[in-house]
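Notes to accompany the following structure.
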Amino acid sequence: MMRLPKFTYRVPRTVADAVKMMSDAGAEGQFVAGGTDLYPNMKRRQQTPKTVISVTRLKELNQIAGDGRSGLRIGASVSLTDICEHMLINRDYPFVAQAARTISTPILRNMGTIGGNLLLDTRCNYYDQNYEWRKGINFCLKKDGEVCWVAPGSRKCWAVQSSDLVPLMVAVGAKLKLVSTLGERVVDAAGLYNDDGIDYLRKRPNELLTEIQLPPRNGWRATYKKLRRRGAFDFPVLGVAARLDLSDDGTVKDAKLILGGIAPAPVEVKEAEQALIGAPLDEERMQAAAESCYMKARPLDNTDFLMNWRKQMARPYVLRALQELREQ
Amino acid sequence: MSGRKQKAHIKLTLNGEPAEVAFAPHKTLLEVLREDLGLMGTKHGCELGECGTCAVLVDGRSILSCLMLGLDAEGREVETIEGMATAEGLHPLQETFADLGAAQCGYCTPGFLLVAKELLKTNAEPSRDEIKEALSGNLCRCTGYLKIYEAVELAAAKMRGEEAEAVKETIYGYE
Amino acid sequence: MIDEPRIHDYGDGANVHKKVSLEFGDMGEGFKEADLIREDILFYEGNTHLPMEQHAAVAHFDADHKLTLWSATQTPHYVHRALAKTLELPASHIRVIATPNGGGFGGKSDPFNHEIIVSKLSMMTGRPVKVTLTREEVFYCHRGRHPVLMKIRTGVKKDGAITAMDFQSFLDGGAYGSYGVASTFYTGALQTVTYNVPRYKFRGLRAFTNKPPCGPKRGHGTPQPRFALEVHLDKIAEELKLDPAEMRLKHLVQPFSVTANYLRIGSMGLGKCIEKVVEGSEWKKKFSNWDRENRKLPEGKGVGLACSSYICGAGLPIYWNNMPHSGVQLRLDRQGGVCVQCGSTDIGQGSDSILAYIVAEILGIDPFDIRVITADTDLTPVDLGSYSSRVTLMTGNAAIQAAERARELLTMAVAEKLSVPIENLSFADRRVFDVENPETGVTFAEAVVLAESKFGTIGTVGSYTPPRSPGRYKGAGVGPSPAYSYSAAVAEVDVDASTGIVTVERIWIGHDIGQSINPALVMGQVEGSVYMGLGEALMEEMTYRANRNVVHKFPSLLEYKSPTTLEMCDVVTYLIEDRDPNGPFGAKEVGQGPLLPVMPAIANAVYDAVGVRIDEVPITPEKVLTALRDKAKGREARFGPKRVPDVEWPQPLKVLTPAEGGDGKEMPRVAVHS
């Protein structure tokens with residue numbers, strides 16, 4: 001049996017309590033919500049916090065308010081199952097429910113939360129291994145080691161951004177509320193992620209993600225396409241999130257194309273967006289956008305599938321996303 | 001408390017009955033069930049949330065007991081496979097799983113039964129695709145899942161009060 | 001070469017565990033007769049059993065210095081022997097109990113380190129000691145499917161009749177032996193039992209490498225050559241412009257015949273299996289018939305067919321002895337209770353219940369009346385274990401013998417009591433009665449009382465030893481079986497040309513079971529085999545990090561890809577009941593055979609769908625897309641290995657075939673000057 005290391009478990013009643021506890025715990029503290037990311041990491045000794053502070057049951061973090069006209073505010077501890085099933089989300093932001101349904105499995109979605117998914121640790125198959133395995137390869141840059149085995153010449157960790165919701169939240173321009181004892185701030189989802197597998201969040205460790213704010217649905221459409229081996233369990237080895245603003249005559253006014261699962265952070269493909277903006281969404285422009293994404297996608301050999309194939313899949317998966325948006 | 005291990009102590013509803021248990025506070029619900037409550041029906045296949053074997057119901061929802069702390073069961077309703085049969089007999093899902101051979105080695109079966117029970121509570125007449133989706137987080141290496149789908153469908157029909165029997169092809173194959 | 005350091009003190013060379021070279025019949029003559037000679041090279045990647053239950057064992061060395069080991073094992077008898085040897089304890093002081101087993105598939109057949117370790121620790125401490133492996137450790141125990149590189153060369157007549165076949169296999173054995181010698185022979189043994197192969201040559205080599213050891217996984221050593229053979233035959237059918245189903249049907253091996261390599265075929269229902277799947281799948285309406293221009297299915301959709309056969313129990317045990325392979329002990333008590341004791345090990349296939357059905361059938365009682373005690377070396381007679389698809393056939397026959405002996409005692413006692421001729425008595429509905437006058441009879445429980453009064457305590461035994469094989473040459477020990485099961489499958493696939501992703505939509509499978517004892521269990525084994533074959537065909541593989549000391553790339557249930565409900569295809573099953581005289585009530589195996597045709601049927605269907613040959617398992621999207629790109633560029637539309645290593649094979653051991661008047665013995669070696 002793989003056992004958790006010993007730690008102190010604290011269950012605050014309010015957000016204020018939670019951030020106070022974290023402040024007290026200092027660098028050895030760690031928030032937990034669903035536990036589906038943290039506890040496996042703890043069992044494998046990738047993370048060994050001394051104090052774990054559970055925010056799953058905080059009322060403030062379990063609410064959904066607003067709608068597509070005013071924008072939607074989702075508490076960070078809302079479970080992924082509730083995201084999938086929520087009436088308003090399915091009506092006004094169906095792509096969010098659709099992306100959430102692709103996350104892991106029904107049981108894990110009962111446990112996992114939207115906030116936890118947005119803060120998911122970066123993944124790498126040199127890193128997501130037992131302590132003994134990692135020791136066997138002399139560890140890696142992300143934890144206890146000196147070398148990134150994915151790119152041994154690199155000073156940087158190449159562990160992969162593996163959340164399905166991250167690219168989508170970046171694409172739709174979601175905002176995230178962070179709270180600490182010093183106060184609260186609201187940041188763009190795009191600004192939260194850092195292109196470094198170790199230091200992958202631009203968030204202080206003592207800040208608690210409390211709320212996800214989706215912008216009003218004034219005309220734009222969005223979708224998410226996920227590549228993986230199996231229809232359940234698997235993390236994305238490529239995720240394509242796309243958002244388009246179309247004018248009445250079908251001209252693309254604005255576009256966002258974000259690739260997930262191929263780099264330490266979500267990758268915005270500006271060239272692809274430029275290829276689409278200012279003209280109707282025709283086959284030629286979609287192909288051009290897909291080609292730009294293919295050029296930009298540089299996955300490395302640290303997930304399932306061969307990296308060259310994953311790169312090639314950028315073309316059909318971007319095309320499928322755009323085709324779906326054209327028909328929405 | 002020097003020299004003595006600190007134990008957590010919680011109260012919960014376990015298979016419909018009030019229960020209390022003391023355990024090392026960093027234990028998962030899986031460990032508490034098997035080691036401190038002596039309920040060995042909950043099995044484990046990876047202990048990392050990658051197989052669905054250890055699924056139990058907490059407040060009616062399936063969770064993986066390997067990734068939930070025992071402490072988080074405080075005050076909640078936990079249902080394990082041991083609670084599935086009642087004084088009236090086996091649950092209809094248990095009956096159909098046995099009759100159709102939906103369990104072979106039986107190791108993944110507790111998880112499948114509980115997740116199937118959760119499904120039938122909200123969806124009395126699930127389609128084949130809905131069953132596949134609902135059970136997609138439980139791995140089985142023996143059956144190929146087909147007998148499991150058929151057992152869920154048959155149990156669902158029985159629970160709806162229909163006079164249902166296994167189709168002949170399920171047991172004997174096609175002519 | 002002589003100076004090369006040896007990896008182990010056993011084996012045939014420095015890093016060579018086993019080298020085999022066998023030749024049956026005049027190969028030169030065979031190839032001379034051929035209208036077409038075709039050669040193919042294929043590769044089958046290694047994969048693992050992945051039982052949901054991790055291995056675990058508890059040992060207790062008690063105060064009277066007897067050791068008990070409870071273990072998740074498929075082979076308590078072999079574990080018992082291994083413990084006696086390694087612990088230097090008398091075997092009579094050791095008891096091995098196989099616990100209810102959470103999945104085996106061959107992965108719990110070897111005696112394992114942890115079983116010995118807990119035993120030794122308990123001997124040292126006098127306390128019970130338990131080890132449960134982590135999932136990662138289960139991957140290192142492995143003993144799974146060998147990666148095998150294969151070269152197959154076959155001569156055929158215009159109608160597809162095989163004139164000669166030359167098969168080479170190269171097995172990557174991993175770090176230790178396991179049952180690797182048998183695995184090596186199995187890669188060459190069963191090519192001859194489906195279609196008539198008048199002359200046959202086999203060369204095989206198993207190498208040691210620094211990886212977890214390979215061993216027996218469902219189909220032990222035969223899925224790899226079966227994949228090679230059935231894909232190779234598909235290519236031959238295309239060259240000859242023959243329908244692959246008809247070509248196979250035309251050249252089936254004869255029932256009750258002896259093959260070129262001296263395997264004795266019994267009942268043979270493969271023809272019926274093929275007919276069923278061809279009809280059920282509407283093969284004629286779907287198969288392209290090698291005409292890509294006038295396809296019946298849309299581009300991207302395709303069907304493929306393959307067949308196979310498997311042993312119903314290995315003809316020999318793993319250590320040489322003249323004792324039975326399976327023993328059953330039956331105890332009848334005066335309350336009418338019947339207790340069956342047998343060393344067999346239920347790993348989920350339902351073998352415990354098989355004992356109850358068979359004894360109940362013979363004694364005319366209900367299976368629910370019977371208690372079954374199995375897999376406990378103190379309480380049960382030896383059965384060799386759950387491997388080689390031997391359990392139903394061997395324990396079944398032993399159970400029949402024990403039950404018939406008990407019935408005889410009861411018959412004598414009842415006949416005397418009722419003054420009815422012995423031959424008039426029948427056992428049914430929990431009664432023993434006069435068939436001419438059914439009212440005259442006693443209950444089964446009364447019959448036991450009568451017998452116990454007459455003969456004393458009623459206990460009988462039965463045992464089973466497989467018939468002797470006609471093969472007498474060195475190496476003839478692997479392949480013989482009391483009977484062979486047969487399977488045929490058609491797979492229908494969808495191939496996405498833009499990604500290379502293969503989706504298997506449905507598999508039709510016919511399996512010659514001889515006789516179903518419990519059809520629900522048979523169906524479960526067929527569907528489970530198809531499932532496991534699907535995983536091997538599409539996604540399962542043991543892979544290693546060459547850059548980091550060959551660590552296992554991803555020893556986890558997340559990254560070793562086992563199909564979920566969302567990948568499993570529909571399965572349409574046909575059970576063919578062609579009773580075999582050697583099987584209990586005619587029954588043959590079903591636990592392993594139906595896995596075998598799945599991988600080649602899918603590979604052949606992929607070719608039918610998009611016109612590329614993937615000569616390598618698993619058939620991943622990367623390989624399909626690479627082959628499609630090559631095809632588009634006018635290169636060979638194929639992904640697969642191109643060469644095999646140069647090996648200095650030993651002089652083949654030559655055996656005249658039965659048709660050539662052979663007696664099953666090897667011919668005297670002729671000195672050859674090189």
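Side chains are part of it too, since the values below use all heavy atoms of this structure and drop only hydrogens, waters and symmetry mates. Every chain is numbered from 1 and lettered A, B, ... according to where its sequence line falls, protein lines coming before strand lines.
Interface check for chain B: of the options C:L575, C:I347, C:V572, the most heavy-atom pairs under 4.5 Å are formed by C:V572. Per-residue counts of heavy-atom pairs under 4.5 Å with chain C were compared for B:E175, B:E133, B:K132; the largest is that of B:K132. Among C:G535, C:G510, C:G528, the residue with the largest count of heavy-atom pairs under 4.5 Å with chain B is C:G528. Taking C:G350, C:P519, C:P51 one by one and counting their heavy-atom pairs under 4.5 Å with chain B, the maximum is reached by C:P519.
A distance-only check finds no donor-acceptor pair linking the side chain of B:Y174 to the backbone of C:W508 [under 3.5 Å].
Using a 4.5 Å cut-off between heavy atoms, C:E559 makes no contact with chain B at all. For chain B, the nearby parts of C:E527 are the backbone and the side chain; heavy atoms of each come within less than 4.5 Å. With a 4.5 angstrom heavy-atom cutoff, B:T143 touches chain C only via backbone atoms. Residue contact with chain B, scored on non-hydrogen atoms closer than 4.5 Å, is absent for C:V530. Only the backbone of B:E169 comes within less than 4.5 Å of a heavy atom in chain C; its side chain stays farther off. Proximity to chain C is absent for every atom of B:T109, based on heavy atoms less than 4.5 angstrom apart. In this structure, the portion of C:H49 lying under 4.5 Å from any heavy atom of chain B is its backbone and not its side chain.
The minimum heavy-atom distance between B:C51 and C:M52, with the atom names listed, is CB-CE, 3.6 Å. Annotation for C:G524 and B:Q104: closest pair O-NE2, 2.9 Å, computed over non-hydrogen atoms. Of all heavy-atom pairs between C:G102 and B:C105, the closest is C-SG, 3.3 Å. C:M568 and B:Y145 get closest at one heavy-atom pair: CB-CD1, 3.8 Å.
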**Asked** Would C:N101 and B:Y107 count as a side chain to side chain contact (heavy atoms under 4.5 Å, CB included) if you check the C-alpha gap in whole Å, the side-chain angles of each, and the deciding distance to 0.1 Å?
**Response** CA-CA 8 Å; C:N101 194 309; B:Y107 199 79; over 6 Å; no
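Within a 6.0 Å radius of NZ in B:K11, no more than 12 heavy atoms belonging to other residues, nucleotides or ligands are found. Counting heavy atoms of neighbouring residues, nucleotides and ligands inside a 6.0 Å radius, atom CD of B:E165 does not exceed 12 of them. Applying the 6.0 Å contact sphere to CD of B:E17 captures no more than 12 heavy atoms from other residues, nucleotides or ligands.
For the pair B:E47 and C:Q54, the minimum side-chain heavy-atom distance is below 4.5 Å. Annotation: side chain of C:V522 is not in contact with side chain of B:Y172 (no heavy-atom distance under 4.5 Å).
To the nearest 0.5 Å, the span separating NE2 on B:H44 from OG1 on C:T132 amounts to 5.5 Å. Here B:L139 contributes atom CG and C:L558 contributes atom CG; the two are 10.0 Å apart, rounded to the nearest 0.5 Å. In this structure, the separation between SG on B:C46 and OH on C:Y560 is 15.5 Å, given to the nearest 0.5 Å. Once rounded to the nearest 0.5 Å, the distance linking CG of C:L566 with OG of B:S136 reads 4.5 Å. Atoms CE and SG, from C:M532 and B:C142 in turn, are 7.0 Å apart once rounded to the nearest 0.5 Å. To the nearest 0.5 angstrom, C:D570 atom CG is 7.0 Å from B:L146 atom CG.
Salt bridge C:E540/B:R141: present, at least one basic N to carboxylate O contact under 4.0 Å. No salt bridge links B:K43 with C:E53; every basic N to acidic carboxylate O contact stays at or beyond 4.0 Å.
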